[in-house]
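Below is one structure, written out as structure tokens; the observations come after it.
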Amino acid sequence: MANKKIVIIGGPSTGKTTIIDYLESIGELCLHEISRQVTLEAQQEGISQLFLEDPLLFSKKLIEGRIAQHTNANNMASSRVFFDRGIPDVIAYMDYANEPYPSEFTKACETYRYDSIFLLPPWEDIHKTDNERYESFDQAQRIHHHLYETYTDLGYHCIEVPFGNVEERSSFILENILSV
């Protein structure tokens with residue numbers, strides 16, 4: 001029996017990683033975001049912001065990594081797996097940046113599907129920037145819009161997670177998995 005693949009999406013500083021970390025701490029199987037790893041590897045090679053300098057290369061690396069996560073999840077002994085971002089996030093960010101991308105990106109989104117999508121809205125109170133997260137709150141709002149549109153265009157129903165502390169938001173997600 002295949003496991004359910006549940007994606008938590010949202011723009012920068014919406015609480016995705018905090019929720020993923022919490023879910024993992026209570027025993028859920030979670031696969032972490034890989035964009036920070038790709039960014040850090042590029043910085044070690046002297047590229048300050050790979051997404052800004054070569055968005056296509058950055059996005060190809062993300063697609064490859066997220067396909068690997070999706071494929072590996074099929075072999076994990078768990079009834080459900082949580083993902084911090086999904087493959088369609090790559091298209092959403094490319095559209096946000098108004099960058100062209102190959103048709104293979106869309107094909108990957110159509111081939112590797114998820115069962116549930118939970119969308120975290122922009123949250124100004126927790127928004128912050130750092131070496132890997134450089135987007136302003138206004139940019140975070142635009143990214144949110146692109147994420148919603150991309151997943152919706154791919155036939156997903158996005159369930160918006162209300163604001164609250166990590167336990168409340170995680171409980172909302174866990175309770176709503178059953179209704180999907």
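For reference, positions follow the sequence shown, starting with 1. Atom set for the values below is all heavy atoms of this structure, side chains included, hydrogens, waters and symmetry mates excluded.
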Closest approach of [X] to [Y] (non-hydrogen atoms, all atoms of both residues):
| X | Y | value |
| --- | --- | --- |
| Val7 | Gly86 | CG1-N, 3.4 Å |
| Leu147 | Gly10 | CD1-C, 3.3 Å |
| Cys109 | Tyr156 | O-OH, 4.4 Å |
| Leu62 | Ser35 | CD2-CA, 3.6 Å |
| Phe163 | Pro122 | CZ-O, 3.3 Å |
| Ile117 | Ile9 | CG2-CD1, 3.6 Å |

Rounded to the nearest 0.5 Å, how far does [atom2] of [Y] lie from [atom1] of [X]?
| X | Y | atom1 | atom2 | value |
| --- | --- | --- | --- | --- |
| Ile143 | Asp95 | CD1 | CG | 12.0 Å |
| Ile20 | Cys30 | CD1 | SG | 4.5 Å |
| Lys4 | Ser79 | NZ | OG | 9.0 Å |

Indicate yes or no: at least one non-hydrogen side-chain atom of [X] is less than 4.5 angstrom from one of [Y].
| X | Y | result |
| --- | --- | --- |
| Pro121 | His144 | yes |
| Glu28 | Leu174 | yes |
| Gln37 | Glu41 | yes |
| Leu56 | Met94 | yes |
| Phe105 | Ser59 | yes |
| Arg80 | Asn3 | no |
| Phe82 | Ile8 | yes |
| Ile67 | Thr111 | no |

Taken in chain and number order and not counting sequence neighbours, the residues that satisfy side chain to side chain contact (heavy atoms under 4.5 Å, CB included) with Asn165 are Glu167, Glu168
Who passes side chain to side chain contact (heavy atoms under 4.5 Å, CB included) against Glu104, sequence neighbours left out? Pro102
Return the set of residues passing side-chain hydrogen bond (donor to acceptor under 3.5 Å, both in side chains) with [X] (not counting sequence neighbours), or none when no residue passes.
| X | result |
| --- | --- |
| Asn74 | Lys5 |
| Lys60 | none |
| Tyr112 | none |
| Glu24 | His32 |

Where the side chain of Thr71 meets the backbone of Ala68, is there a donor-acceptor pair that is under 3.5 Å apart? no
Would you find a donor on one side and an acceptor on the other, under 3.5 Å apart, between the side chain of Lys16 and the backbone of Gly11? yes
What residues, two or more places apart in sequence or in another chain, satisfy salt bridge (Lys or Arg N to Asp or Glu O under 4.0 Å) together with [X]?
| X | result |
| --- | --- |
| Arg142 | Asp138 |
| Asp84 | none |
| Arg66 | Glu33 |

Can you name the residues that form a ring-ring contact (aromatic ring centres under 6.0 Å, His included) with Tyr114, not counting sequence neighbours? His70, Phe83
Residues two or more places apart in sequence or in another chain: which of them pass ring-ring contact (aromatic ring centres under 6.0 Å, His included) with Tyr22? none
Pairs in or reaching into residues 146-166: which pass salt bridge (Lys or Arg N to Asp or Glu O under 4.0 Å), with residues at least two apart or in two chains? none
CA sep, side-chain torsions, deciding dist, call: Arg113, Leu154, side chain to side chain contact (heavy atoms under 4.5 Å, CB included): CA-CA 10 Å; Arg113 303 288 294 175; Leu154 289 166; 4.0 Å; yes
Over 60° means perpendicular and under 30° means parallel, so classify the ring planes of Tyr93 and Tyr96, tilted if in between. perpendicular
Parallel, tilted or perpendicular: ring planes of Phe118 versus Phe172, cut at 30 and 60 degrees: perpendicular
So Thr39 and Phe58, side chain to side chain contact (heavy atoms under 4.5 Å, CB included) or not? Walk me through it. CA-CA 8 Å; Thr39 299; Phe58 180 81; 3.4 Å; yes
Can you check side chain to side chain contact (heavy atoms under 4.5 Å, CB included) on Leu119 and Ile159, steps first, answer last? CA-CA 6 Å; Leu119 175 63; Ile159 301 168; over 6 Å; no
Evaluate Val161 against Thr14 for side chain to side chain contact (heavy atoms under 4.5 Å, CB included), listing each step before the verdict. CA-CA 10 Å; Val161 179; Thr14 55; over 6 Å; no
